[in-house]
Amino acid sequence: MPETAALLRHFEAMQRIRSFEEEVARLRGTGDIVGSVHLCNGQEAVYVGACAALDLERDAVFPTYRGHGWTLACGAPPRALFAELLGRQTGINGGRGGSAYLTAPSHGMYGENSIVGAGAPIAAGAALAATFDGSGRVSLAAFGDGALNQGAVHEAMNFAAVRRLPVIFLVENNHYSELTPIADMVRIDKLFRRASAYGMPGARIDGNDPEAVRSAVAEAVRRARDGEGPVLLEAMTQRIVGHYIGDAQHYRPAGELEAATAAEPIGALVWQLLSVGVAQSEVDTIVERVHREIADASAQALADPIADPATVLELLYA
Amino acid sequence: MPETKKLSYAEAVNAALRRALDERPEALLFGEDVGKPGGVFGVTKGLHKQFGERVFDTPISESAILGGAVGSAMFGRRPIVEIMWVDFSLVALDQLVNQAANVRYVSRGALSAPITVRTQQGSAPGACAQHSQSLEAFFAHVPGLRVCLPATHQDAYDLLLSAIWCDDPVVVIENRTLYHAGKEEVEIGGPIPEIGGAAVRRPGRDVTVLTWGAMQHRVLEAAERLSADGIDAEVVDARWVRPLDLDAVLESVRRTGRLVVAHEAHTVGGFGGEVVAAVAESGVPLHSPPVRVGAPDARIPAAPVLAGAVIPTADVIAEAIARTVRA
């Protein structure tokens with residue numbers, strides 16, 4: 001059994017992501033945030049569990065465009081992320097990255113990727129560097145189930161396997177390739193089975209349970225640091241929101257969203273906390289504290305100055 | 001200390017790679033067949049033996065090669081990768097255009113991707129449609145990338161070193177017709193040149209002919225032929241198409257009052273159009289309309305006689321220059 005303290009840490013981190021995403025949805029609704037935004041509600045346990053197993057002082061995470069949760073789980077400050085989404089000067093990338101291209105290397109987060117699967121070879125490259133620099137760095141490439149059908153992911157897994165690179169390939173299987181069920185797009189929907197084709201271990205894990213994710217990623221990290229090469233993990237999770245804000249999700253069969261919502265990880269974790277004797281009031285206190293933190297971060301970011309067009313040509317080249 | 005050696009173009013590239021691996025311990029060299037086999041064109045011969053695991057073979061996986069370069073560059077390596085034929089870069093253009101070119105800008109300077117992509121292009125007898133194209137305009141279109149086309153043995157050495165020393169992604173486009181076409185004196189071990197800068201290969205009064213890559217040799221041949229007819233063409237080798245040394249082009253055009261741009265790539269959408277537009281926008285007055293010489297709209301056919309009818313010859317270039325001067 002995991003320690004209660006660890007569960008409480010997971011809970012707080014997951015709640016922070018959920019509150020952040022709810023505030024993003026609100027700001028998208030008011031028009032303060034514009035453009036396509038992909039929320040990660042329902043998938044928080046994957047990020048929090050995985051980041052708990054990494055040493056973000058040296059390890060490197062390469063997430064998908066659904067990456068607000070990853071970036072927060074890595075420890076990037078919510079205010080700078082809100083500011084980035086809001087196009088403020090104080091944005092973590094000065095407004096150059098935006099929702100789908102957040103980058104926070106000082107927190108071990110090396111860039112979302114809006115090209116499905118494109119982060120996998122880059123993560124392999126980060127792992128390649130580790131085999132030369134003695135850092136012991138492990139890189140983690142996270143991508144959705146749909147990305148398994150991208151050639152770049154296949155190339156990256158084979159390249160990493162043949163060179164025994166310290167990289168973890170983590171599939172966030174939320175059952176949807178954007179708007180289309182993954183089951184309609186592959187003949188074998190146990191995606192982790194592909195690992196054997198590359199000569200690496202593969203496993204399916206419960207992506208709704210942060211401790212299950214932490215423990216599987218921790219073992220993959222150990223293997224990678226010991227020079228045993230890459231691993232493919234398939235974390236089963238679900239999206240309890242649309243692919244993008246505004247997606248009416250007509251493609252989801254009746255009852256599916258309700259079932260996904262019933263299984264979502266934060267509610268499940270609250271039950272777990274209560275069952276090990278944590279008081280409801282303690283849970284409520286955490287939720288309130290996180291809500292306040294997120295509300296403050298959002299308000300501060302909204303008050304920050306808009307990005308300066310005079311700087312738009314800067315930083316293209318060294 | 002600099003020394004002069006008689007080297008082929010391929011050996012000049014090899015010497016530059018050897019120096020980079022020697023002087024930059026963070027440099028890595030990888031790609032298809034570049035390690036133990038020494039490259040399909042023999043360019044990387046002996047480097048795996050000398051530098052061991054820093055020089056290695058990869059699967060036939062251009063996305064993994066270029067993505068591996070981007071990721072390792074973010075973490076302090078200085079990868080030099082070979083894309084065997086420029087045509088093959090198209091299967092992994094994402095990693096260059098969407099990834100490498102974005103790293104510095106989108107991270108607000110927190111990350112960089114100092115990668116060097118070596119590739120080669122152009123038409124040579126017996127090559128097929130997917131091994132003959134000239135694609136420099138594709139790369140030159142992309143802010144964040146730098147692109148050069150060394151045409152001389154010395155530039156094969158110098159430009160590659162400039163690229164490797166550069167802290168941004170650079171595409172170095174070599175030409176396989178040059179690799180083993182004779183040896184020349186090459187100064188090696190000199191200072192690393194700055195990025196950019198055109199070179200006047202033949203001074204002249206009457207017309208500026210801007211070119212780059214292997215086409216330069218046909219342009220020089222055309223210029224020599226025309227000198228017998230009293231036409232004195234100035235041949236300028238752009239060397240870098242991004243950043244283009246526009247000042248050097250304008251300086252020459254201001255003197256000659258005429259412009260011909262000659263390249264092996266297709267005329268439509270080619271980089272020659274960009275040069276003509278930039279000169280037009282500069283307002284430098286011309287005595288006659290500028291002319292582009294490039295490949296017409298055909299796929300590059302396999303039969304040498306057919307390919308020869310597509311790629312501009314010295315005759316075609318000479319005719320264009322003469323027309324421009326007499327217009």
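Remember, predicted model here, so these are calculated numbers, not experimental data. Convention: sequence-line order gives letters A, B, ...; per-chain numbering from 1. Both backbone and side-chain heavy atoms feed into the values below; hydrogens, waters and symmetry mates do not.
Looking at B/Glu62, only its backbone comes within 4.5 Å of chain A, counting heavy atoms on both sides. Contact of B/Asn98 with chain A is made through backbone and side chain together, with heavy-atom distances under 4.5 Å. Neither the backbone nor the side chain of A/Ala123 comes within less than 4.5 Å of any heavy atom of chain B. Both the backbone and the side chain of A/Val312 have a heavy atom closer than 4.5 Å to some heavy atom of chain B. Of the atoms belonging to A/Tyr110, heavy atoms from both backbone and side chain fall under 4.5 Å from chain B. For B/Ser107, the parts sitting under 4.5 Å from any heavy atom of chain A are the backbone and the side chain alike.
Ranked by heavy-atom pairs under 4.5 Å with chain B, the list A/Leu102, A/Thr103, A/Leu128 is led by A/Leu128. Options B/Gly144, B/Ala69, B/Cys166, B/Gly68 differ in how many heavy-atom pairs under 4.5 Å they form with chain A, and the most are formed by B/Gly144. Between chain A and the residues B/Ala73, B/Pro143, B/Gly109, B/Pro169, the most heavy-atom pairs under 4.5 angstrom are made by B/Pro143. Heavy-atom pairs under 4.5 Å with chain A peak, among B/Gly71, B/Pro25, B/Ala92, at B/Gly71. Ranked by non-hydrogen atom pairs under 4.5 Å with chain A, the options B/Val70, B/Asp94, B/Thr58 are led by B/Asp94.
Side-chain atoms of A/Tyr317 come within 3.5 Å of backbone N or O of B/Leu145 as a donor-acceptor pair. B/Arg108 places a side-chain N or O within 3.5 Å of a backbone atom of A/Gly91 that can act as its donor or acceptor partner.
Here OG of A/Ser135 is found 8.0 Å from CZ of B/Phe75. Values are rounded to the nearest 0.5 Å. Here B/Tyr105 contributes atom OH and A/Asn93 contributes atom CG; the two are 11.5 Å apart, rounded to the nearest 0.5 Å.
Scanning both residues, A/Leu316 and B/Asp168, for their nearest heavy atoms gives O-OD1, 4.3 Å. The two residues A/Val162 and B/Pro59 make their nearest non-hydrogen contact at CG1-CG, 4.2 Å. B/Phe56 approaches A/Arg163 most closely through the heavy-atom pair CD1-NH1, 3.0 Å. Residues B/Asp167 and A/Ala318 share a closest heavy-atom pair of CB-CB, 3.7 Å. Residues B/Ala110 and A/Pro105 approach most closely at CB-CG, 3.8 Å, considering heavy atoms. Pairing each heavy atom of A/Ile115 with each of B/Gln99, the nearest pair is CG1-NE2, 3.7 Å.
Two residues are said to be in side-chain contact when any heavy atoms from C-beta on lie closer than 4.5 Å; A/Asp133 and B/Arg77 meet this criterion. Taking 4.5 Å as the limit, some side-chain heavy atom of B/Gln95 sits within range of a side-chain heavy atom of A/Ile122.
Annotation: A/Glu228, atom CD; neighbour count of heavy atoms from other residues, nucleotides and ligands within 6.0 Å is above 12. By the neighbour-count criterion of 12 heavy atoms within 6.0 Å, atom CG of B/Leu90 is densely surrounded, having more than that number from other residues, nucleotides or ligands.
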